[in-house]
Amino acid sequence: MSVQFRVALLVALFALGFIARRVGWLKPPHAGFMLRLVITVGLPALFIADVSRIQLRADLFALPASSLVIMLATWGLSLLLGRALGASRTDQGTVTIAGMSINNGFLFPFVIAVWGAVGFGQLALFDFGHVLGQSFLVYAIAATYGGHAAGFGAIVRRVLAFPPLWALIVALIINVSGVELPGWASTPLRMIGQWILLLVIVALGVLFDVQLLRDRRVPAIILLRMLAGLLLGWLCTLAFGLSGLTRSVVLLGAAAPIGFNAVVLSHVEKLNRDLAASAASISVVIGLVYVPLALWLLPH
């Protein structure tokens with residue numbers, strides 16, 4: 001199966017999800033179930049199958065570090081953007097968590113299709129830093145702007161309840177221990193994970209709403225996440241001296257669309273959910289255009 005066909009298949013799956021919602025076959029709750037299945041089964045299976053096998057090098061530790069640096073820098077930029085937009089307290093919270101939420105889940109199917117298991121493994125390490133930042137910092141920021149306490153206990157419980165984090169830790173332990181998963185275990189895990197991961201694209205098609213295109217604040221948030229993120233990622237590659245595939249992974253992850261966890265947190269913490277949904281949905285559609293091109297142009 002050619003790379004072009006695989007990318008075209010992913011775009012077709014997004015279109016399928018979009019059409020299925022319009023004809024009434026699928027609705028947002030169905031998309032929510034798909035995303036939960038990806039988080040609880042798909043990503044853990046792939047992490048254990050592939051991250052446990054990648055060759056760990058000293059420079060790969062720059063991947064999670066870059067992710068955290070990008071998130072922290074974006075936090076500061078979001079405060080300036082919110083002030084320029086005259087954002088209310090709740091809107092400022094949404095701007096901040098949307099800018100800091102990196103949609104690596106959207107990138108995973110594309111990276112597997114074009115860069116293979118090695119690229120996926122490195123992107124998973126980049127996502128490791130993002131998961132830590134999301135679980136601790138972004139959750140606390142959302143709760144603070146929403147007027148709720150973000151105590152240490154609540155944050156710890158959130159971290160402990162996130163299956164991909166545990167799967168990534170298990171995969172890294174297997175990796176450094178020198179134990180190699182037998183084929184009868186790694187092959188089914190990889191196949192299950194790859195098939196389930198395709199549900200991300202279908203779910204995003206279901207969640208995309210054309211009516212959300214009208215808010216003038218949306219482009220500013222998208223530029224913060226994707227364009228400013230790309231610039232920050234480029235600076236990280238210079239600071240850590242990255243090259244080759246590792247550099248490409250940081251650049252791609254840094255410019256990823258807005259994560260839909262920003263929508264979830266905005267809903268839970270009573271921030272501006274519609275604003276978060278608008279920015280996240282449109283950024284994903286933009287991602288359908290530039291991600292395949294970036295995967296083709298970036299060295300790997």
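Note that these values count all heavy atoms, side chains included, but never hydrogens, waters or copies made by symmetry. Numbering of residues begins at 1 and proceeds along the displayed sequence.
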Practice problem: Show your reasoning for whether side-chain contact (heavy atoms from CB on, under 4.5 Å) applies to Asn103 and Arg225. | Solution: CA-CA 10 Å; Asn103 199 339; Arg225 163 79 292 282; over 6 Å; no

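- Atom CD1 of Ile282 and atom CD1 of Ile221 lie 10.0 Å apart (nearest 0.5 Å).
- Of the possible donor and acceptor atoms, none in the side chain of Ser283 sits under 3.5 Å from a partner among the backbone N and O of Ile222.
- To the nearest 0.5 Å, atoms CG (Leu231) and OG1 (Thr74) are separated by 10.0 Å.
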Quiz item: Going through the distances and angles, do Asn104 and Leu107 end up as a side-chain contact (heavy atoms from CB on, under 4.5 Å)?
Solution: CA-CA 5 Å; Asn104 290 306; Leu107 298 178; 4.0 Å; yes

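- Under a hydrophobic-cluster definition in which Ile, Leu, Val, Met, Phe, Trp and Tyr are linked whenever side-chain heavy atoms come within less than 4.5 Å, directly or via other members, Leu60 and Val176 are assigned to the same cluster.
- Ring-plane geometry between Phe47 and Phe120 is classed as tilted, the angle between the planes lying from 30 to 60 degrees on a 0 to 90 degree scale.
- Side-chain N or O atoms of Ser67 include none that pairs as donor or acceptor with a backbone N or O of Pro64 at under 3.5 Å.
- Leu227 and Val285 fall into different hydrophobic clusters, where Ile, Leu, Val, Met, Phe, Trp and Tyr are joined by side-chain heavy atoms under 4.5 Å apart, directly or via other members.
- Taking all atoms of both residues into account, the shortest heavy-atom contact from Arg247 to Leu242 is CD-O, 3.6 Å.
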Quiz prompt | Steps toward side-chain contact (heavy atoms from CB on, under 4.5 Å) verdict (Val111, Leu252) | solution = CA-CA 10 Å; Val111 169; Leu252 186 68; 3.7 Å; yes

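- The line from OG of Ser248 to CG of Leu123 is 11.5 Å long, rounded to the nearest 0.5 Å.
- Atom CZ of Phe240 is separated from atom OG of Ser66 by 4.5 Å, given to the nearest 0.5 angstrom.
- Side-chain atoms of His130 come within 3.5 Å of backbone atoms of Ile102 as a donor-acceptor pair (strictly under, hydrogens ignored).
- Counting only heavy atoms from C-beta outward, the side chains of Lys270 and Thr90 never approach each other to under 4.5 Å.
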Quiz item: What do the steps show when you test Leu288 against Phe14 for side-chain contact (heavy atoms from CB on, under 4.5 Å), and what is the final call?
Solution: CA-CA 9 Å; Leu288 286 173; Phe14 182 90; 3.4 Å; yes

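- Distance alone, capped at 3.5 Å, places no donor-acceptor pair between the Ser281 side chain and the Ser278 backbone.
- Among all heavy-atom pairs drawn from Val206 and Arg22, the shortest one is O-NH1, 4.0 Å.
- Taking every heavy atom of both residues into account, Cys236 and Ile70 meet most closely at SG-CG1, 4.1 Å.
- Summarising the geometry, atom CD1 belonging to Ile286 is positioned 8.5 Å from atom OH belonging to Tyr290; distances are rounded to the nearest 0.5 Å.
- Taking 4.5 Å as the limit, every side-chain heavy atom of Met226 sits out of range of all side-chain heavy atoms of Ile258.
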Using distance only, find each side-chain donor-acceptor pair of residues 32-43 under 3.5 Å and give its atom names and separation, not counting sequence neighbours.
residue	atom	partner	partner atom	Å
Thr40	OG1	Arg36	O	2.8

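- Residues Leu72 and Leu79 share a hydrophobic cluster, clusters being chains of Ile/Leu/Val/Met/Phe/Trp/Tyr side chains in contact below 4.5 Å.
- Taking the side chain as every heavy atom from C-beta outward, Leu245 and Val118 approach each other to under 4.5 Å.
- With Ser177 contributing its side chain and Ile174 its backbone, the two residues share a donor-acceptor pair below 3.5 Å.
- Defined by atom type and a distance below 3.5 Å, a donor-acceptor pair is present between the side-chain atoms of Thr96 and Gln92.
- Across every non-hydrogen atom of Ser101 and Ala262, the tightest pair is OG-CB, 3.7 Å.
- Note that CG of Leu168 is 10.0 Å distant from CD1 of Ile173, once rounded to the nearest 0.5 Å.
- Minimum interatomic distance between Leu224 and Gly99 (heavy atoms only, all atoms of both residues): CD2-CA, 4.0 Å.
- Cluster annotation: Leu189 is not connected to Trp195 through the hydrophobic network of ILVMFWY side chains, with a link wherever side-chain heavy atoms come within less than 4.5 Å.
- Hydrophobic clustering, with ILVMFWY side chains joined whenever heavy atoms are under 4.5 angstrom apart, keeps Leu68 apart from Leu63.
- Evaluation of the side chain to side chain contact (heavy atoms under 4.5 Å, CB included) rule for Ser266 yields Thr94, Ile97, Leu271, Arg273, Ala276 as partners, not counting sequence neighbours.
- Shortest non-hydrogen contact noted between Ala49 and Ser186 is CB-O, 3.7 Å.
- Listed by first and then second residue, the salt bridge (Lys or Arg N to Asp or Glu O under 4.0 Å) pairs involving residues 90-106 are Asp91-Arg217 (not counting sequence neighbours).
- At least one test fails for Arg21 against the ring of Phe18: distance under 6.0 Å to the centre or angle within 45° of the axis.
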